[in-house]
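Comments concern the structure below.
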Amino acid sequence: MGGGIKRWCGFCRSYSSSVKLVLFMVVPLIVVSGFISVLGPSTSNWVFLSKLWSSSLPASPPVSPVKEREKRLDLRSQVVVVEVHNTEEAISDESLLNRSFTPPHAIEAIQVQPQNVTKEDLKDSISGPANNASMRGPSFAPLLNESHPPRVKAGPGYTNLERLEAGLRRARAAIKEAKHANETQNNDYVPIGPMYRNANAFYRSYLEMEKQFKIFVYEEGEPPLFHNGPCRSIYSTEGNFIHGIEMNSQFRTRDPEKAHMFFLPFSVTMLVRFVYVRDSHDFGPIKRTVTDYINVIAGKYPYWNRSLAADHFMLSCHDWGPEASRSTPYLHKNSIRVLCNANTSEGFKPGKDVSFPEINLQTGTIHGFIGGPSPSRRPVLAFFAGGLHGPIRPVLLEHWENKDEDIRVHRYLPKGISYYGMMKKSKYCICPSGYEVASPRVVEAIYAGCVPVLISDHYVPPFSDVLNWKSFSVEVPVKDVPNLKKILMDISPRQYIRMQRRVVQVRRHFEVQYPPKRFDAFHMILHSVWLRRLNVQVHNDIKMS
């Protein structure tokens with residue numbers, strides 16, 4: 001096992017091609033006119049997706065504008081329209097105990113129709129959409145019936161992009177059809193139960209992903225900043241995914257013309273380690289490195305410019321991942337950001353971005369952390385141990401530190417007491433946010449078979465587009481921390497047992513495997529990216545008037 005892990009997740013990988021990051025590439029930026037028409041005067045094309053979540057997520061404050069650094073990118077003569085599809089909430093099969101702010105599973109699509117674009121609009125687009133006050137906003141039209149989407153035949157009349165989009169249309173139709181149908185069982189795992197927002201739709205979507213999803217990984221850049229990442233730390237999911245996708249033969253394609261998505265393989269954790277000047281509070285070196293890298297791939301390949309990053313994604317478990325994504329406007333506004341720090345108050349968009357789990361693999365493996373006793377052998381009602389990080393934990397410790405035998409809350413564990421042992425003895429594991437909204441305690445609780453108690457503001461839990469967190473966790477608003485014991489005691493023993501069993505059932509989706517196995521954390525991250533790619537359409541069609 002140790003040798004396999006070293007081969008799988010090494011810190012130093014050599015690459016035959018050595019690319020120096022370009023420092024200055026000053027080239028006129030001609031923004032794609034169809035994309036501008038979708039954006040409207042001053043909003044991003046993702047605003048319409050975010051409206052869907054407004055009823056279940058706290059409102060996000062406006063994100064401060066970012067300087068337009070992408071004027072250096074060369075769009076050449078290619079013009080492409082990016083269409084953004086909306087989503088429909090899945091039907092829940094059970095009335096649940098606690099109110100949740102988690103978002104729904106993406107199933108239904110709504111098409112954003114581009115408007116006619118004039119030559120004057122193209123001229124104005126150079127200065128960016130915020131300056132085009134006269135541009136009309138997008139119009140909405142329901143997606144056409146895709147029960148039997150048109151088949152695209154191979155031939156000179158169809159581009160590779162058109163074939164890819166046709167395959168995605170068929171996948172959307174199959175997922176919609178599966179929503180109310182029974183899936184064919186096989187010998188492998190089949191998701192079922194109230195832990196899922198819609199198990200049939202998720203399963204069909206997963207199968208469609210396995211059938212056709214392809215990702216192109218840019219090969220430019222050298223370790224340690226690129227193609228590398230930590231695998232034995234609190235940010236381990238960053239390194240594990242980078243190495244996992246680069247070694248993958250099923251989803252990775254070496255032919256960018258066959259790719260649905262393009263992965264930017266930089267590690268924010270490594271950028272912080274090697275580029276950031278400690279205690280400087282200056283994100284400039286990190287942002288310049290990311291911007292220079294994007295300039296390299298945008299100058300060498302047409303794909304970033306083709307979609308203005310809408311079919312690209314980055315991944316970061318470091319707290320500064322969102323800040324790194326602000327290096328260039330299109331990386332922040334258009335690309336899919338896979339973040340542990342999934343904070344809607346800081347610009348995280350559940351319809352566009354992906355929340356994924358923070359997993360603290362101190363030994364590089366989950367061996368020894370999985371499993372725990374049955375509910376009847378868990379004498380402690382709730383447990384937490386941790387420092388005073390952020391605004392929520394002081395409130396928790398003020399009300400509960402060493403004050404109740406049932407609610408075991410400690411700043412420092414008593415000598416001789418095992419942290420993971422206490423988790424396995426507890427019915428509920430309290431998971432408050434620290435400096436940032438994400439906490440590795442959520443996954444640690446799931447590993448131990450302990451029902452997570454999420455105490456956070458503006459947090460979107462991992463894989464919540466598929467998983468129904470209300471069915472296997474408890475979400476407590478910060479204002480209700482003084483009533484924590486009453487909230488937990490009001491949960492009936494029967495309901496608790498149901499929740500605990502569901503925790504055990506969903507655990508496979510958070511496990512890190514070497515090599516990855518179906519439905520594990522690696523594949524769930526891929527599936528979250530796949531779902532969002534289904535809601536974006538890129539095509540070579542623009543009307544000029």
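Just so you know, these numbers use all the heavy atoms, side chains as well, and skip hydrogens, waters and symmetry mates.
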Output yes when a side-chain donor or acceptor of Ser205 lies under 3.5 Å from a complementary backbone atom of Ile175, and no otherwise. no
Note, Pro230 side chain near Ser236 side chain (heavy atom, < 4.5 Å): no
Closest non-hydrogen atom pair between Cys317 and Thr237, with its separation: SG-OG1, 3.4 Å
Show your reasoning for whether side chain to side chain contact (heavy atoms under 4.5 Å, CB included) applies to Leu467 and Phe472. CA-CA 9 Å; Leu467 296 181; Phe472 60 88; 4.3 Å; yes
Test item: side-chain donor near acceptor, Asn343 and Ser345, under 3.5 Å: yes
If only atom types and distance count, is the side chain of Arg408 paired as donor or acceptor with the main-chain N or O of Phe384 below 3.5 Å? no
Which pairs of donor and acceptor atoms, one on a side chain in residues 425-432, lie under 3.5 Å apart (sequence neighbours left out)?
unit_1, atom_1, unit_2, atom_2, d
Ser426, OG, Met422, O, 2.7
Lys427, NZ, Arg378, O, 2.5

Nearest 0.5 angstrom please: Glu208 CD to Arg204 CZ, how far? 5.5 Å
What pairs of donor and acceptor atoms, side-chain ones from residues 433-440 against any protein atom, are under 3.5 angstrom apart with sequence neighbours left out?
unit_1, atom_1, unit_2, atom_2, d
Ser433, OG, Val437, O, 2.8
Glu436, OE1, Asn341, ND2, 3.1
Ser439, OG, Arg441, N, 3.2

Under 4.5 Å between any side-chain heavy atoms of Asn483 and Asp480, yes or no? yes
Is it true that Asn240 and Tyr514 share a donor-acceptor pair across their side chains at a distance under 3.5 Å? yes
Using only atom types and a distance under 3.5 Å, with no angle test, would you say the side chain of Asp353 pairs donor to acceptor with the backbone of Phe348? no
Can you name the closest pair of heavy atoms from Ser316 and Met314 and give their distance? CB-CE, 4.1 Å
With a 4.5 Å heavy-atom cut-off, do Val354 and Phe313 have their side chains touching? no
Pair Arg170 + Glu177, salt bridge at N-O below 4.0 Å: no
Test log, rule ring pair (Phe, Tyr, Trp, His ring centres under 6.0 Å), inputs Phe241 and Phe522: CA-CA 6 Å; Phe241 183 86; Phe522 173 78; 5.4 Å; yes
Scanning both residues in full, the closest heavy-atom pair of Ser327 with Val290 reads OG-CB, 3.5 Å
Among Glu358, His243, His318, which residue meets the side chain to side chain contact (heavy atoms under 4.5 Å, CB included) test with Glu238? His318
In terms of side-chain geometry, is the basic nitrogen of Arg197 or Asp465 positioned less than 4.0 Å from the acidic oxygen of its partner? no
Side-chain H-bond candidate by donor/acceptor type, Tyr218 with His312, under 3.5 Å: yes
Examine the side chains of Arg502 and Ser471 and answer whether a donor and an acceptor come within less than 3.5 Å of each other. no
Does NZ in Lys214 sit with more than 12 non-hydrogen atoms of other residues, nucleotides or ligands closer than 6.0 Å? yes
Is there a donor-acceptor pair under 3.5 Å between the side chain of Arg532 and the backbone N or O of Pro350? yes
Verify the distance criterion only: is there a donor paired with an acceptor across the side chains of Tyr419 and Glu444 at less than 3.5 Å? yes
Can you tell me if Tyr447 uses its side chain to pair, donor with acceptor, with the backbone of Phe510 under 3.5 Å? yes
After noting the C-alpha distance and the side-chain angles of Leu484 and Leu396, does the key distance pass the side chain to side chain contact (heavy atoms under 4.5 Å, CB included) rule? CA-CA 9 Å; Leu484 181 59; Leu396 176 67; 4.1 Å; yes
Within the side chain of His509, is there an N or O that forms a donor-acceptor pair under 3.5 Å with the backbone of Phe519? yes
Does the side chain to side chain contact (heavy atoms under 4.5 Å, CB included) test come out yes or no for Lys258 and Phe216, once each step is laid out? CA-CA 8 Å; Lys258 296 180 180 178; Phe216 180 78; over 6 Å; no
Spacing of Phe262 atom CZ and Ile215 atom CD1 [to the nearest 0.5 Å]: 10.5 Å
What heavy-atom pair brings Asn198 and Lys179 nearest, and what distance separates the two atoms? ND2-CG, 3.2 Å
Under the side chain to side chain contact (heavy atoms under 4.5 Å, CB included) test against Asp311, which residue among Met261, Gln537, His260 passes? Met261
Answer whether the closest heavy-atom distance between the side chains of Leu331 and Leu264 falls below 4.5 Å. yes
Are any of the side-chain heavy atoms of Val380 and Asp406 separated by less than 4.5 Å? no
Taking Trp530 for the side chain and Met524 for the main chain, is one N or O donor matched with an acceptor at less than 3.5 Å? no
Taking C-beta and beyond as the side chain, do Ile234 and Leu361 meet within less than 4.5 Å on heavy atoms? no
Measure the OG-CG distance between Ser325 and Leu339 for me, rounded to the nearest 0.5 Å. 6.5 Å
Salt bridge (charged side-chain N to carboxylate O under 4.0 Å, His left out) involving Arg501 - partner list, sequence neighbours excluded: none
Any heavy-atom pair between the side chains of Glu246 and Phe263 that's under 4.5 Å? no
Between Tyr189 and Arg508, is there a cation-pi geometry (under 6.0 Å to ring centre, at most 45° from the normal)? yes
Atom CZ in Phe266, atom OH in Tyr293: separation rounded to 0.5 Å? 8.5 Å
Shortest non-hydrogen contact between Ala178 and Asn200, atoms and distance: O-CB, 3.0 Å
Main chain of Pro265, side chain of His227: is a donor-acceptor contact present, judged purely on distance under 3.5 Å? no
Measure the CZ-CG distance between Phe213 and Leu168 for me, rounded to the nearest 0.5 Å. 8.5 Å
Smallest separation among heavy atoms of Ser528 and Phe463, with atom names: OG-CD2, 3.6 Å
Flag, side chain of Lys352 to backbone of Ser335, donor-acceptor distance under 3.5 Å: yes
Are there more than 12 heavy atoms of other residues, nucleotides or ligands under 6.0 Å from atom CG of Leu388? yes
Please round to the nearest 0.5 Å and tell me the distance separating atom CD of Glu475 and atom NZ of Lys470. 8.5 Å
Side-chain ion pair, Arg169 and Glu165, N-O less than 4.0 Å: no
Test log, rule side chain to side chain contact (heavy atoms under 4.5 Å, CB included), inputs Glu323 and Ile286: CA-CA 9 Å; Glu323 191 66 33; Ile286 294 176; over 6 Å; no
Would you call Cys340 and Phe356 a side-chain contact if the rule is heavy atoms closer than 4.5 Å? yes
Is it true that a side-chain atom of Asp520 and a backbone atom of His523 form a donor plus acceptor pair closer than 3.5 Å? yes
Steps toward salt bridge (Lys or Arg N to Asp or Glu O under 4.0 Å) verdict (Glu219, Arg254): CA-CA 10 Å; Glu219 297 185 355; Arg254 302 281 180 171; 2.8 Å; yes
